[in-house]
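Scroll down for the structure; my scribbles are underneath it.
As the structure is a computational prediction, the values presented were derived from the model and not from experiment. Reckoned from all heavy atoms, side chains included, excluding hydrogens, waters and symmetry mates.
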Amino acid sequence: MCAPVHFEVAYAINAWMTPGAVVDTALAVQQWETLRATYEGLGHEVELLDPVPGLPDMVFAANGAFVVDGVAVGARFAHPERAAEAPAHAAWLEAHGFGPVTPTVGTHEGEGDLTVVGDLVLAGTGFRTDRRAHAEIQERTGRPVVGLELVDPRFYHLDTALFPLDDTTVAYYPGAFSDGSRRVLERLYPDAVVASEADALVLGLNAVSDGRHVVLPVAATGLAEQLRERGFVPVPVDLSELLKGGGGPKCCTSELRPRPL
Ligand SMILES: CN(C)C(=N)NCCC[C@H](N)C(=O)O
């Protein structure tokens, strides 16, 4: 995680951002601290990346790299405004034993468009991630990559529209995906939790599950209820200030998946 001490909406690179939007940075930090404390309270260890002045989106730590089985693949951001975040992530990862960390040739924004469900990597494309990066990630991780096409600019990263619940299933909002990708999801995850548009529009799918607890935006009340009915424990958090940048709990969280023992 990376504290939002330099967070502001200085440019607009997604449909949620209005340049010059009034941001209460102190409140953003307070909300982010609550998220961090929530993870620690659930027993998860949190590592911190130093924020860099002039990189207001660095709080969205999920986007700087993709790590699975102890292998870290460096991001190549689609927008120049965020490009300098990638070397900061690479330096941290290399200093912590994940190196060498090099970016892909095609653009990809780490866990924004990449997630792991069991053996599979699910990979979004359509707005930020180049299909070439999907093939590179498969080569570099040795895990099968399933490409999913995003079609609605409000859901510009896969993690705005889908998250893994455990090793076997996911929650997702079908309206964010192309017809073919929806059929892929139905085939792979017939028992998925299907979220409503109302919950997707508060970035309810930008959630983090440890297989039992699901940390999700407080406004996603319908989704929380669906999760409860399925035996999960919803843990709502309020990140309203960071929503002005187009992010929620998952965006603030880069998962460092270790090498299997
Ligand atoms: C949930 N999402 C989409 C993330 N994984 N990251 C948020 C990135 C926000 C940043 N302003 C941008 O547009 O890149």
Answer with yes or no whether the hydrophobic clustering places Phe60 together with Leu114; edges join I, L, V, M, F, W, Y residues whose side-chain heavy atoms lie under 4.5 Å apart. no
For the NE2 atom of His213 and the CZ atom of Phe232, what is their distance to the nearest 0.5 Å? 11.5 Å
Could you tell me whether a side-chain N or O of Thr129 sits under 3.5 Å from a main-chain N or O of Thr125, the two making a donor and an acceptor? no
Identify whether Val170 and Val184 are in the same connected component of the hydrophobic contact network (ILVMFWY, side-chain heavy atoms under 4.5 Å). yes
For salt bridge (Lys or Arg N to Asp or Glu O under 4.0 Å), just list the numbers for Glu186 and Arg183, CA-CA rounded to whole Å, side-chain angles, deciding distance to a tenth of an Å, and then say yes or no. CA-CA 5 Å; Glu186 285 162 10; Arg183 286 175 15 238; over 6 Å; no
Pairs under 3.5 angstrom only: tabulate donor-acceptor contacts from the side chains of residues 253-260 to other protein residues two or more places apart or in another chain.
from: Thr253; atom 1: OG1; to: Tyr39; atom 2: OH; distance (Å): 2.8
from: Thr253; atom 1: OG1; to: Pro249; atom 2: O; distance (Å): 2.7
from: Glu255; atom 1: OE2; to: Lys250; atom 2: NZ; distance (Å): 2.8
from: Arg257; atom 1: NH1; to: Val67; atom 2: O; distance (Å): 2.9
from: Arg257; atom 1: NH1; to: Glu111; atom 2: OE2; distance (Å): 2.9
from: Arg257; atom 1: NH2; to: Glu111; atom 2: OE2; distance (Å): 2.7

d(Glu40 CD, Glu33 CD) to nearest 0.5 Å is 9.0 Å
Determine whether a donor-acceptor pair (N or O, by modelled atom type, separation under 3.5 Å) exists between the side chain of Asp191 and the backbone of Thr169. no
Return the minimal non-hydrogen interatomic distance between Leu242 and Ala28, and the atom names on each side. CD2-CB, 4.2 Å
Say whether Met58 and Trp32 are linked into one hydrophobic cluster, either directly or through other cluster members, by side-chain heavy-atom distances under 4.5 angstrom. no
So Arg82 and Ile13, side chain to side chain contact (heavy atoms under 4.5 Å, CB included) or not? Walk me through it. CA-CA 10 Å; Arg82 298 196 66 190; Ile13 56 172; 3.8 Å; yes
Might you work through the side chain to side chain contact (heavy atoms under 4.5 Å, CB included) test for Arg182 and Asp179, ending with a clear yes or no? CA-CA 5 Å; Arg182 270 202 303 271; Asp179 184 52; 3.5 Å; yes
Taking Leu165's backbone N and O only, do any of them form a donor-acceptor pair with Ser209's side chain (distance below 3.5 Å, no angle check)? yes
Can you see whether Glu47 engages His96 through a side-chain donor-acceptor pair at a distance of less than 3.5 angstrom? no
Rounding to 0.5 Å, atoms SG (Cys251) and CG (Asp57) come to a distance of 9.5 Å
What do the steps show when you test Asp69 against Arg143 for salt bridge (Lys or Arg N to Asp or Glu O under 4.0 Å), and what is the final call? CA-CA 10 Å; Asp69 304 323; Arg143 283 182 175 248; 2.8 Å; yes
Does His108 use its side chain to pair, donor to acceptor, with the backbone of Arg128 at less than 3.5 Å? no
Could you tell me whether the side chain of Tyr173 reaches within less than 4.5 Å of the side chain of Leu201, counting heavy atoms only? no
Heavy-atom pair with the smallest gap, counting every atom of Ala75 and Gly110: CB-N, 4.1 Å
Any chain of hydrophobic side-chain contacts (each under 4.5 Å) joining Leu188 to Leu150? yes
Rounded to the nearest 0.5 Å, the CG atom of Asp130 sits from the OG1 atom of Thr107 at a distance of 5.0 Å
Other residues, nucleotides, ligands: >12 heavy atoms within 6.0 Å of Arg212 CZ: no
So Val117 and Tyr189, side chain to side chain contact (heavy atoms under 4.5 Å, CB included) or not? Walk me through it. CA-CA 10 Å; Val117 188; Tyr189 308 114; 3.6 Å; yes
Nearest heavy-atom contact between Tyr156 and Gly245 is OH-O, 4.4 Å
Backbone N or O of Glu241 within a donor-acceptor pair of the Gln31 side chain at under 3.5 Å? yes
Give a yes or no on whether the backbone of Asp199 and the side-chain of Ser196 come within a donor-acceptor separation of less than 3.5 Å. yes
Step by step, work out the side chain to side chain contact (heavy atoms under 4.5 Å, CB included) result for Leu185 and Leu162. CA-CA 10 Å; Leu185 289 169; Leu162 176 148; 3.6 Å; yes
Following the transitive rule for hydrophobic clusters with a side-chain heavy-atom cut-off under 4.5 Å over Ile, Leu, Val, Met, Phe, Trp and Tyr, establish whether Leu239 and Leu216 coincide in one cluster. no
With distance as the sole test, does Asp152 use its side chain to make a donor-acceptor pair with the main-chain N or O of Arg154 at under 3.5 Å? yes
Looking only at heavy atoms, what is the nearest atom pair of Val9 and Lys244, with distance? CG2-O, 3.5 Å
Please determine whether the number of non-hydrogen atoms from other residues, nucleotides or ligands lying under 6.0 Å from atom CD of Glu139 exceeds 12. no
Could you tell me which non-hydrogen atom of Trp16 sits nearest to which non-hydrogen atom of Ala200, and how far apart they are? CH2-O, 4.4 Å
Looking at CG of Asn206 and CG of Leu158, how far apart are the two atoms once the value is rounded to the nearest 0.5 Å? 10.5 Å
Using atom types as modelled, flag every donor-acceptor pair under 3.5 Å from a side chain in residues 97-104 to any protein atom, sequence neighbours excluded.
from: Thr102; atom 1: OG1; to: Arg140; atom 2: NH2; distance (Å): 3.0
from: Thr104; atom 1: OG1; to: Gly106; atom 2: O; distance (Å): 2.7

Could you pull out the closest heavy-atom pair between Gly54 and Pro56, with the gap in Å? O-CD, 3.3 Å
Counting N and O atoms only, with roles assigned by atom type, does the side chain of Trp92 sit under 3.5 Å from a partner on the main chain of Leu48, one being a donor and the other an acceptor? yes
Could you tell me whether a side-chain N or O of Thr160 sits under 3.5 Å from a main-chain N or O of His157, the two making a donor and an acceptor? yes
Does the Gln226 side chain pair with the main chain of Ala195, one donor and one acceptor, at a distance under 3.5 Å? no
